[in-house]
Amino acid sequence: MVASVSADPEFVSPLPESGDVLNAPVKPGLTLLDRDHSILAFNERVLDWAHRTEVPLIERLRYLTIVSSNLDEFFEVRAAPHLAAHLAGEHKGNYNVESFERLAEAAHALVDRQYALYNDALIPAFAAKGIQIISHGERNAVQRKWVHDYFEREVRPLLIPVGLDPAHPFPQVANKSLNFIVRLGGKDAFGRENPIAILKVPRVLPRMIRMPAKVSGGKTLFIALSSVVRAHLSSMFPGREVGEFSQFRVTRHSDLAVDEEDVKNLRTALRQGLQHRHFGQAVRLEVSSSCAESLASFLLAQFDLPPQALYRVHGPVNLARVAQMIDLIDEPQLRFPPYQASYPVALSPGQSFFERLQRGDVLIHQPFENFEGVLAFLREAVQDPQVLAIKQTIYRTGADSQMMDLLREAVRRGKEVTAVVELKARFDEEANINWAEMLESIGAQVVYGVVGLKTHAKMLLVTRREGKQMRRYGHLSTGNYNPRTAALYTDISHLTADPLLTADMEAVFVHMASQSRLPKLNRMWLAPFDLHRNLIARIDALGAAAAAGEPTRIVVKMNALTDEALIAALVKAGQKGVKIDLIVRGACTLPAKVPGLTDNIRVRSVIGRFLEHSRVFYFRQGNDESLYLSSADWMNRNMLRRIELAWPVTDPVLRQRLIDECLVAYLHDGRDAWNLDSDGVYHRVYKDTHAGEEGASRTIEAHGAQTALMNRYASRGLQRAAPRS
């Protein structure tokens, strides 16, 4: 089935070939691409969606705010080493003065493009639809009165301006919070000239406020909280002259660092660390474009930042919070048409999962098929009196989780529940700590994986008594147990009763809970033990086969490729003649199509309506093909510092479905794909660049892989819902 577009359900397409065979020895001199610049390049590709005029207007704004949110996390996690090297005057190593300056230049350029798009295209387009963010100068008398009343009622009670003097030092400013710096004239109540004041704006206040119909004149009008505060600054400093002022926002390094070997209780240590996250090292300062040089310099000095860390923006200092508008605009025609995911096509509502899985494995392709199938599997396990034990990993489930409620119900019903909770899931630490404490309090067995390793594997294992035997049923996934993101991310869920695969799952759960020696697994590859080694061995074997003249093929879909050992293996295999396609959504440091070095390797990124998240690894030697699903990207941390899984899909029908939908479709995408060229730059694909190869599809070329899959599963859902004659 060719990526949701073939009218014939039995049609099977081969993977397209990847360039000419090159039998060249491994050559030195290949310079890898910079990882941080590759991350920024990914955000450029996301921003492209905000530029597309055919995309509904609200969705264009959403993509713009996604880029801002991504940049926030980029600075919180990636910027500190570059900044530290710059401040230390370091000129050697991966992080140095030059790396900081290059990164700052690229980030500034991206931010400038964001605000240019916001001001020159999106804001005028919204205004043409009667949707405006109106400033103080644009408000009429009635609107100003309403804003004044709002300020007095909702905002002023929460504001406390701080005038700076020896008794009132510069206040602690939280990460990514909205603040104002104000230069004051005159003297304070004690006759002193303290010219600088700081006004912190609480996070609890909404950043975008919709004006009521009675004052909006039939339009959809918004006011920014920063504009509300700005209009009333003078009233916050009675008896003083308000001179120059600016909103500002500081981004801080926010990666939690806890020495697991040196703490007695990881959960307690992390909870204490969360208290300090909002006040880590400053790495970026955003101010209004009109901010006086003297105020900007003052702030840079306070936060110990160089001039390159200053971002003057023509608009709100936090575009990510403009996303609050999206939920307040009631204009369906300005959004993507709602997409209703089908119930998993291999399942029937009300059918017993245990009976179905005894007949064979089931794949669920999210979000084209909905997450309800996974929830229904757990729900049946919780309600079935023959189920004795449930084990699950918890990485990112969200603060409001149906799965956690089901696990709680399982405990109440007397089942043995084991939860492997990853406390260090970045920016989800607090939610996971809360879930861990809740589950422990009601009697579940909660463990935190292996010291020094993040548990990133996604597993759910059910043990059921069937007659005189125990039988296991499992769920494995490339993505998280989070119903919200399951509707937004592409992932593969794999339900199985395969005794070899479920035995591997049981062994991994026992290993994580007991720290006992891991037995030899039947089918799974597990990081940090053998996943890395087995991938390299598989790539090397294909290289040897290609050198011997056998036809070989590697196609890998993942979110990031930065591991140097895997890159070296791919380069070597490509030079021996292996045809390699890499579908990498985000950071990729392997340069493609470099003459004499990576001629046989193509790299492409697909950015669509949904976030590409599935990891699929395909290997072919002659007529022998294998396909693995995985929780792991090809990054050093995933291979060596995390508990990660890769497992084979052995059913040939299911394997071909994954080939068609996760690989072929994306290699032929002629709308949402970007190819990495030999110059290290991504260029958008405007047609199917592989059109001469088998499996090419005009439908995918016209609509993109994701849209084609949406159409396929929508039609399948209609067919299932149609009455039988």
Side-chain angles (χ1 to χ4, degrees), residues 64-65 68-69 71-72 75 107-108 111-112 114-116 118-119 123 133-139 147-148 150-151 154-156 158-164 170-184 195-209 222-237 240-252 278-279 282-303 305 307 309-325:
L64 181 75
T65 62
S68 287
S69 179
L71 282 177
D72 283 350
F75 278 100
H108 274 283
V111 170
D112 288 345
Q114 278 189 278
Y115 280 90
Y118 175 77
N119 290 306
I123 290 299
I133 304 173
I134 58 172
S135 65
H136 179 72
E138 297 171 312
R139 298 170 201 148
V147 171
H148 174 75
Y150 180 88
F151 175 80
E154 303 288 342
V155 182
R156 185 190 290 275
L158 302 179
L159 300 181
I160 299 180
V162 177
L164 304 187
F170 196 94
Q172 278 277 43
V173 173
N175 181 39
K176 299 186 296 186
S177 62
L178 175 62
N179 308 273
F180 279 81
I181 181 170
V182 184
R183 184 179 299 280
L184 300 172
I196 301 295
I198 302 296
L199 183 64
K200 299 197 292 185
V201 181
R203 293 182 184 275
V204 295
L205 294 171
R207 293 300 186 260
M208 303 299 297
I209 304 113
F222 291 90
I223 51 172
L225 178 63
S226 56
S227 176
V228 174
V229 174
R230 175 178 175 174
H232 296 84
L233 274 180
S234 295
S235 69
M236 298 302 299
F237 302 95
R240 305 292 297 273
E241 292 180 16
V242 172
E244 301 163 331
F245 62 87
S246 175
Q247 53 179 312
F248 74 91
R249 177 176 182 258
V250 64
T251 310
R252 298 181 180 275
H278 293 307
F279 303 101
V283 293
R284 174 181 60 166
L285 174 64
E286 296 166 280
V287 300
S288 301
S289 59
S290 59
C291 180
E293 189 62 41
S294 59
L295 295 182
S297 297
F298 176 84
L299 289 171
L300 286 173
Q302 289 295 325
F303 296 119
L305 290 172
L310 177 68
Y311 290 74
R312 293 180 175 274
V313 300
H314 295 267
V317 294
N318 186 353
L319 278 179
R321 297 293 288 272
V322 176
Q324 292 179 356
M325 280 179 54

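One is the number of the first residue; the rest follow in order along the sequence.
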With rounding to the nearest 0.5 Å, note down the distance linking [atom1] in [X] to [atom2] in [Y].
X      : Y      : atom1 : atom2 : result
Leu233 : Leu199 : CG    : CG    : 6.5 Å
Ile181 : Leu299 : CD1   : CG    : 4.0 Å
Ser234 : Arg240 : OG    : CZ    : 12.5 Å
Gln302 : Leu285 : CD    : CG    : 11.0 Å
Leu64  : Ser69  : CG    : OG    : 11.5 Å

Quick one: are [X] and [Y] in side-chain contact, heavy atoms under 4.5 Å?
X      : Y      : result
Ile134 : Ile223 : yes
Ser177 : Val250 : no
Met208 : Ile133 : yes
Glu286 : Asn318 : no
Val322 : Pro316 : yes
Tyr115 : Leu319 : yes

* To do: Please name the residue in the list Tyr150, Phe180, Phe245, Phe151 that meets the ring pair (Phe, Tyr, Trp, His ring centres under 6.0 Å) test with His232.
  =>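 Looking at Tyr150, Phe180, Phe245, Phe151, the match for His232 under the ring pair (Phe, Tyr, Trp, His ring centres under 6.0 Å) is Phe151.
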* To do: Check Pro202 against Arg207 and note the closest heavy-atom contact, atom names and distance.
  =>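 Shortest heavy-atom contact: O-NH1, 3.3 Å.
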* To do: List the steps, then state whether ring-ring contact (aromatic ring centres under 6.0 Å, His included) holds for Phe248 with Phe298.
  => CA-CA 12 Å; Phe248 74 91; Phe298 176 84; 9.4 Å; no
Looking at [Y], is its backbone amide N or carbonyl O close enough to the side chain of [X] to form a donor-acceptor pair, meaning the two atoms are under 3.5 Å apart?
X      : Y      : value
Thr251 : Val283 : no
Tyr311 : Asp112 : no
Arg156 : Met236 : no

* **Heavy atoms from other residues, nucleotides or ligands near CG of Leu158 exceed 12 (cutoff 6.0 Å)** =>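 Yes - once you tally the heavy atoms of other residues, nucleotides and ligands closer than 6.0 Å, there are more than 12.
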* Could you tell me whether the side chains of Arg139 and Ser227 share a donor-acceptor contact shorter than 3.5 Å? =>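 The criterion, which ignores hydrogens and geometry beyond distance, is satisfied for Ser227 and Arg139.
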Please tabulate, for side-chain N and O atoms in residues 289-297, each donor-acceptor pair with protein atoms closer than 3.5 Å (sequence neighbours left out).
unit_1	atom_1	unit_2	atom_2	d
Ser289	OG	His314	ND1	3.3
Glu293	OE1	Arg312	NH2	3.2
Ser294	OG	Arg183	NH2	2.9
Ser297	OG	Glu293	O	2.9

* How would you list, by chain and number, every residue that makes a side chain to side chain donor-acceptor pair (under 3.5 Å) with Asp72, sequence neighbours excluded? ->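 If we apply the side chain to side chain donor-acceptor pair (under 3.5 Å) test to Asp72, skipping adjacent residues, the hits are Arg249, Arg284.
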